[in-house]
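Here the structure is a predicted model, which means the values were calculated and not measured.
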Amino acid sequence: MGEVYFSRVRLKRDITVRTLVPLLLGHDNSTHPGHHLVWSLFADEPDRKRDFLWREMTSGVFFILSTRLPEDRHGLFDVSPPKVFDPRLVDGDTLRFSLRANPVVRKRNPSGGRSKKHDVVMDALHGVGEDRRAASRLLAVQEHGFAWLRRQGERTGFSVDPSTVRVDGYEQHRIARKGARAMSFSTLDFEGSLTVVTPGMFLKSIARGFGSARAYGCGLMLIRRTNGME
């Protein structure tokens with residue numbers, strides 16, 4: 001794995017709406033503001049593919065993990081000096097973590113063709129009557145959300161115990177796209193403790209991100225030992 005950088009950027013308080021409009025509405029079909037703002041730090045070429053993960057921590061404050069250093073070409077951000085992301089981990093290390101993800105399951109298409117992604121919570125609620133949905137949703141968030149996280153760990157080198165992990169914040173998002181169908185996805189927030197099983201695999205997976213909708217602020221796992229997020 002090449003060098004990966006962790007950055008904290010904050011939208012400047014004196015940025016005007018006129019300055020933001022070309023970025024929010026200009027360079028692709030999505031109308032998701034965070035997507036445009038963070039992309040402006042890495043879009044040095046018209047056909048550049050995304051090679052970063054991001055999460056909006058509070059309004060206008062973003063954490064970013066990237067294979068290139070962010071460049072504020074438009075003067076929109078206060079950018080803290082990026083740090084090389086290279087934590088020294090060994091098998092058995094216990095870490096605190098925070099993750100906002102779009103957890104999905106793939107289901108075979110009955111009519112053939114490619115399998116389709118389904119929101120893990122809505123998939124769990126399939127067939128549940130409207131009168132029981134509210135009560136069942138909380139259970140689905142906890143059980144199926146955690147099951148998704150556990151599967152991620154099995155594939156990417158960490159383990160989790162349900163007694164040490166909180167799963168909540170279920171939210172559905174709908175993003176309008178000019179000239180295309182709206183994009184819909186859901187998010188869950190995970191916080192707690194994990195145990196490192198395979199350090200190299202785990203770090204590579206953090207750099208790639210977890211789950212879907214990574215272009216829209218999902219998939220960045222923040223880890224911590226005793227002080228500060230890495």
Side-chain angles (χ1 to χ4, degrees), residues 24 28-39 50 52-65 96-110 113-156 158 160 162 164-192 194 205-223 229:
L24 298 185
D28 69 14
N29 289 331
S30 165
T31 58
H32 189 285
H35 170 82
H36 284 297
L37 290 170
V38 176
W39 182 261
R50 181 186 57 79
F52 58 90
L53 300 166
W54 63 278
R55 177 173 171 182
E56 187 169 13
M57 302 304 295
T58 58
S59 181
V61 177
F62 303 89
F63 283 175
I64 302 170
L65 199 64
R96 296 291 297 173
F97 78 95
S98 174
L99 171 67
R100 175 165 296 153
N102 167 223
V104 299
V105 291
R106 286 191 175 272
K107 293 294 184 73
R108 182 173 298 176
N109 189 339
R114 298 175 62 184
S115 60
K116 292 187 176 181
K117 294 178 182 179
H118 295 267
D119 172 344
V120 294
V121 175
M122 288 296 102
D123 184 69
L125 294 177
H126 181 70
V128 176
E130 290 294 333
D131 58 329
R132 295 187 292 120
R133 280 219 160 193
S136 299
R137 180 175 294 182
L138 180 60
L139 185 62
V141 165
Q142 297 292 324
E143 291 190 351
H144 292 270
F146 180 80
W148 175 86
L149 181 67
R150 186 183 63 240
R151 292 193 297 271
Q152 294 293 308
E154 290 169 353
R155 291 196 294 265
T156 63
F158 69 91
V160 283
T164 66
V165 176
R166 179 172 60 84
V167 187
D168 62 13
Y170 179 71
E171 188 173 353
Q172 294 179 326
H173 308 264
R174 184 177 175 84
I175 298 175
R177 299 187 291 178
K178 294 179 290 185
R181 293 180 60 184
M183 177 183 177
S184 298
F185 65 94
S186 64
T187 52
L188 279 175
D189 290 338
F190 303 85
E191 285 195 7
L194 60 79
S205 299
I206 290 179
R208 287 194 300 267
F210 298 91
S212 300
R214 299 174 200 175
Y216 295 97
C218 299
L220 172 57
M221 179 182 282
L222 304 168
I223 57 174
M229 283 290 187

How far apart are the C-alpha atoms of S205 and F158, what are their side-chain angles, what is the distance that settles it, and do they pass the side-chain contact (heavy atoms from CB on, under 4.5 Å) test?
CA-CA 10 Å; S205 299; F158 69 91; over 6 Å; no
Test side-chain contact (heavy atoms from CB on, under 4.5 Å) on D119 and Y170 and set out the steps.
CA-CA 11 Å; D119 172 344; Y170 179 71; 2.5 Å; yes
Please step through side-chain contact (heavy atoms from CB on, under 4.5 Å) for the pair V121 and W148, ending with a clear verdict.
CA-CA 10 Å; V121 175; W148 175 86; over 6 Å; no
Applying side-chain contact (heavy atoms from CB on, under 4.5 Å), run through F210 and F190 and close with a yes or a no.
CA-CA 12 Å; F210 298 91; F190 303 85; over 6 Å; no
Output side-chain donor-acceptor pairs under 3.5 Å for residues 134-142, partner residues at least two apart or in another chain, one line each.
residue: S136; atom: OG; partner: R132; partner atom: O; Å: 2.8
residue: Q142; atom: NE2; partner: V167; partner atom: O; Å: 2.7

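The CD1 atom of I64 sits 11.0 Å away from the CD atom of E56 when rounded to the nearest 0.5 Å. Separation of atoms CD (E191) and CG (L222) is listed at 9.5 Å; rounding is to 0.5 Å.
Qualifying ring pair (Phe, Tyr, Trp, His ring centres under 6.0 Å) partners for F52, counting only residues two or more places apart in sequence or in other chains: W39, F42.
When every heavy atom of G211 is checked against every heavy atom of Q152, the shortest pair comes out as N-OE1, 4.1 Å.
Checking each of L53, L99, L65 against M221 for a side-chain contact (heavy atoms from CB on, under 4.5 Å) leaves exactly one that passes, namely L99.
Taking 4.5 Å as the limit, every side-chain heavy atom of F62 sits out of range of all side-chain heavy atoms of L220.
Side-chain contact of S98 with R55: a donor-acceptor pair under 3.5 Å is present, judged by distance alone.
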